[in-house]
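Being a predicted model, the structure only gives us computed values, none of them experimental.
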Amino acid sequence: MPDFAALRKQFPVTNKYAYLNHAGIGPLSTRVTEAVDAVTHDNRDHGGINFMQWSDAVTHVRAAAAKLIGASPDEIAFVKNTSAGLILVAAGIEWKPGDNIVTAEGEFPANVYPWLFLKRVGVETRFARARDGRIDPEEIADLIDARTRLVALSWVEFATGFQNDLGVIGDICRRKRTWFCVDSIQGLGALELDVRRTPIDFMSAGGFKWLLGPMGSGIFYCRQELITQLVPTFAGWGSVVDHMDFFKYDSPLVDTARRFEESVPAVSAVIGLGAALDTFLEIGMTEIEKRVRYLTDVLIEGLQRKGYRVTSPHRTPAERSGIVTFNHAAHNLDDLEKRLTEAQVIISKRGHSIRVSPHYYNNEDDIKQLLDALP
Ligand SMILES: Cc1ncc(COP(=O)(O)O)c(C=O)c1O
């Protein structure tokens with residue numbers, strides 16, 4: 001088993017808080033800040049002399065991001081946030097009036113507005129209903145018709161923690177010949193995913209939550225066969241084969257996902273993300289998911305013992321995620337939030353519940369600190 005107690009030492013946030021808000025913003029480890037500091041200090045002291053080294057580092061991060069999800073580095077583009085990747089898809093499909101997109105109620109707005117804005121070109125956005133926080137794949141299937149070009153869904157729903165079954169929904173999309181785009185920011189880093197076994201076409205995740213990377217970093221995945229089918233609406237000088245041949249204006253677009261990067265990525269943010277990814281790869285996502293499941297088991301059991309109602313779907317392990325939500329009929333949410341904040345327990349309030357989202361470096365004491373602070 002990985003030495004999670006040793007890994008915890010890389011997270012100074014633990015000195016002050018029981019930090020249980022990775023569904024909000026994740027903290028940076030010292031390994032990440034050291035990597036970011038190294039490149040910014042290099043830039044401070046040597047200007048751009050070592051640019052090629054930064055460029056090599058970015059190449060390493062692309063490979064690490066690919067490895068995390070079982071993709072090829074050619075299928076990865078860096079984006080500044082989740083939205084940017086989803087917008088690449090919205091802007092990259094050649095829509096015709098009367099086309100439609102299927103998404104669901106309760107989605108974070110990052111995965112709603114890019115589709116709603118397509119109304120101007122005659123595209124309809126359809127919403128599957130969420131019942132008790134669950135989205136039924138059959139309801140998604142029923143909303144798909146001959147004019148559905150895309151199903152756009154979160155891997156894990158931000159407010160309920162419900163984990164959509166990407167395999168089942170992806171299979172439906174393949175059968176019905178529509179593309180499947182996944183907002184994976186609430187799953188990636190906490191749960192295991194292999195795109196070689198899961199029928200996903202596009203995926204986007206900001207690096208600042210469960211991936212424990214800097215804000216401004218993010219990963220966009222485009223399935224190999226679709227790289228040349230998605231229109232590179234935002235292509236720029238960085239998107240072409242001979243991008244370092246500055247006077248050549250007829251260079252073709254690269255046939256990798258790098259064509260979706262218009263220029264140089266946010267180097268320090270990407271390098272910081274790379275340091276976080278290296279830790280994930282060293283531990284292994286199987287072990288990390290196991291750890292997150294263990295801590296959420298302890299949490300759910302403790303909440304129920306104290307008479308709290310766990311509101312995140314938890315009938316089966318498969319529908320759970322790193323997010324657990326709860327409330328209590330006799331306790332006001334603002335009061336619960338205040339007590340937790342006073343006890344240095346960091347959570348967030350979403351809808352009618354408190355949302356708790358522990359990560360691998362958290363421990364049983366963090367969960368106890370939360371439970372002890374609850375009336
Ligand atoms: C499901 C989901 N998607 C996207 C985001 C954020 O989008 P972006 O990375 O574009 O800020 C969040 C939370 O902030 C989220 O919970």
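Using cut-offs of 30° and 60° on the angle between ring planes, the pair H22 and Y361 is perpendicular. The aromatic rings of H359 and F280 sit tilted relative to each other, their planes meeting at an angle between 30° and 60°.
In terms of heavy-atom proximity, A66 sits nearest to P73 at CB-N, 3.5 Å.
One finds no salt bridge joining E124 and R147 here, because no Lys/Arg side-chain nitrogen approaches an Asp/Glu carboxylate oxygen to under 4.0 Å. At a threshold of 4.0 Å, the pair K338-D334 does not count as salt-bridged, since none of the basic side-chain nitrogens sits closer than that to a carboxylate oxygen. Salt bridge status for R174 with D201: present, with a side-chain N to carboxylate O gap under 4.0 Å. The pair E287-K290 counts as a salt bridge, with a side-chain nitrogen and a carboxylate oxygen less than 4.0 angstrom apart. Of the charged side-chain nitrogens involved, at least one lies within less than 4.0 Å of a carboxylate oxygen, so that E289 and R293 count as a salt-bridged pair.
Tested against L374 for a side-chain contact (heavy atoms from CB on, under 4.5 Å), the candidates R339, K306, H328 yield a single pass: K306.
Residues N164 and E157 have side chains that bring a donor and an acceptor to within less than 3.5 angstrom of each other. A donor atom on one side chain and an acceptor atom on the other are not found under 3.5 Å apart for W155 and Q186. Residues S353 and T311 bring a donor and an acceptor atom of their side chains to less than 3.5 Å of each other. In the model, R320 has a side-chain atom that pairs as donor or acceptor with a side-chain atom of T296 under 3.5 Å.
Contact check for V240 versus P252: no side-chain heavy atoms found under the 4.5 Å cut-off. Counting only heavy atoms from C-beta outward, the side chains of L273 and P214 approach each other to under 4.5 Å. Side-chain contact check for W237 versus S263: some heavy-atom pair is nearer than 4.5 Å. Side-chain contact between D366 and P358 is absent, with no heavy-atom pair separated by less than 4.5 Å. At least one side-chain heavy atom of F234 sits under 4.5 Å from a side-chain heavy atom of L88.
Sorted by first and then second residue, the ring pair (Phe, Tyr, Trp, His ring centres under 6.0 Å) pairs with a member in residues 158-185 read F108-F158, W179-F202; sequence neighbours excluded.
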